[in-house]
Structure formats: structure tokens, C-alpha cells
Amino acid sequence: MRVEEYTNRRRLMAAKGLHGNANCSKASELVWNKRTRLSRKLQEEALNRAHYEMIEDDEPYYGEIKELRGIWATGKTLEECRRNLKDAIEGWLLLSIRRGLPVPKLGDYEIKEGEDVMA
């Protein structure tokens, strides 16, 4: 990931309150960091489960993750579709973790409510 993209994502997450800040305790920040690392592993596992197909559209590549209801993306190329799908998964996972919503187990990775993390 380019430095500019990373910086922009961090700013966006900060604006939406999706990361620890100076007011967070060290323990809260540690839990968030563990969950963020785990969410990346879940994201990778989800991408491995992606199903792609061609559709009749300006962006003919369509991808979805059946285990993550409502997660889909399109693109003009397969690589663009995969990048868009990765972004959709990342946003969904971060929002789910932040709001304490259930995240389904994918492979060996899961986040359980009320626990730090399981891997």
C-alpha cells in the first residue's frame, strides 16, 4: 500500500472514530491493535473464499463473499474488482468490530464478542 493511501485511510478512520486516540487507555489500544491484526487475517481468508463472475455492466467483473452477507464489488478488471472487494471487506470488518456486531468465523479465524480475539 502506498504511503498516501495509508495516510488517507488513517485520516478517514480517525474522522469516523475508528481507531484508538490519545484518550484511550493502553489496554483498549492493545485490544484494538490485536483485533485489527486479526481482521486482516479474516480479510485474507475472506478473499480466498471470493467467488467471481462476469456480468453485463460497465464494470463486468463481479465478486462476492457468500459467508459475509452483502459483501460484493465490481471492477473493470479482475484486479480492480479484487481491490474493491478487499476495501469492502475491510470496511465491513472494521465497522462490525467497532460496533460489536457478530463476525462469522472464517477458517481458523474468529472474533468473539466479549473476548479479546481468537485465532
Side-chain angles (χ1 to χ4, degrees):
M1 178 184 309
R2 294 189 326 233
V3 173
E4 300 90 25
E5 290 175 355
Y6 176 78
T7 303
N8 289 337
R9 282 187 182 178
R10 295 285 294 175
R11 286 184 186 142
L12 179 62
M13 288 172 56
K16 293 182 177 183
L18 294 176
H19 78 307
N21 59 35
N23 297 327
C24 291
S25 70
K26 293 283 185 190
S28 295
E29 198 169 310
L30 180 61
V31 168
W32 176 256
N33 288 336
K34 285 181 180 179
R35 287 186 175 181
T36 301
R37 281 194 298 273
L38 182 60
S39 73
R40 287 189 190 118
K41 291 178 182 180
L42 278 164
Q43 182 181 27
E44 290 171 15
E45 182 65 29
L47 281 172
N48 290 337
R49 296 165 180 257
H51 169 75
Y52 299 95
E53 61 184 78
M54 298 291 291
I55 59 173
E56 291 187 29
D57 191 72
D58 291 339
E59 295 185 342
Y61 291 88
Y62 171 84
E64 68 178 343
I65 313 294
K66 294 187 186 292
E67 293 88 348
L68 303 179
R69 187 174 176 202
I71 299 297
W72 59 272
T74 60
K76 291 183 179 181
T77 66
L78 181 58
E79 287 305 312
E80 180 182 17
C81 179
R82 188 169 171 81
R83 280 192 310 268
N84 293 341
L85 190 57
K86 183 178 178 182
D87 287 343
I89 295 165
E90 179 180 27
W92 184 87
L93 284 171
L94 289 173
L95 183 64
S96 296
I97 292 167
R98 177 71 175 168
R99 294 199 172 175
L101 301 173
V103 175
K105 180 178 179 179
L106 295 176
D108 293 333
Y109 307 105
E110 78 180 302
I111 297 174
K112 293 183 178 179
E113 187 176 344
E115 296 181 12
D116 285 351
V117 288
M118 300 294 292

Quick check for you: to the nearest 0.5 Å, what is the distance between [X] atom [atom1] and [Y] atom [atom2]?
X   : Y    : atom1 : atom2 : result
L94 : Q43  : CG    : CD    : 8.0 Å
N84 : Y62  : CG    : OH    : 13.0 Å
E90 : L85  : CD    : CG    : 12.0 Å
L93 : L101 : CG    : CG    : 11.0 Å
T74 : I55  : OG1   : CD1   : 6.0 Å

### Query
Side-chain heavy atoms under 4.5 angstrom apart, residues restricted to Ile, Leu, Val, Met, Phe, Trp, Tyr: same cluster for I71 and L106?
yes
For [X] and [Y], work out which heavy atoms get closest and say how close.
X   : Y    : result
K76 : E80  : N-OE1, 2.6 Å
A73 : C81  : O-SG, 3.6 Å
W92 : P104 : CH2-CD, 3.6 Å

### Task
With sequence neighbours left out, write down each residue that passes side-chain hydrogen bond (donor to acceptor under 3.5 Å, both in side chains) with S96, or none if nothing qualifies.
none
Could you tabulate the donor-acceptor pairs under 3.5 Å formed by side-chain atoms of residues 46-54, not counting sequence neighbours?
residue, atom, partner, partner atom, Å
N48, ND2, E44, O, 3.4
R49, NE, E45, OE2, 3.1
R49, NH1, E67, OE2, 3.2
R49, NH2, E45, OE2, 3.3
H51, NE2, E53, OE1, 3.3
Y52, OH, R82, NH1, 3.3

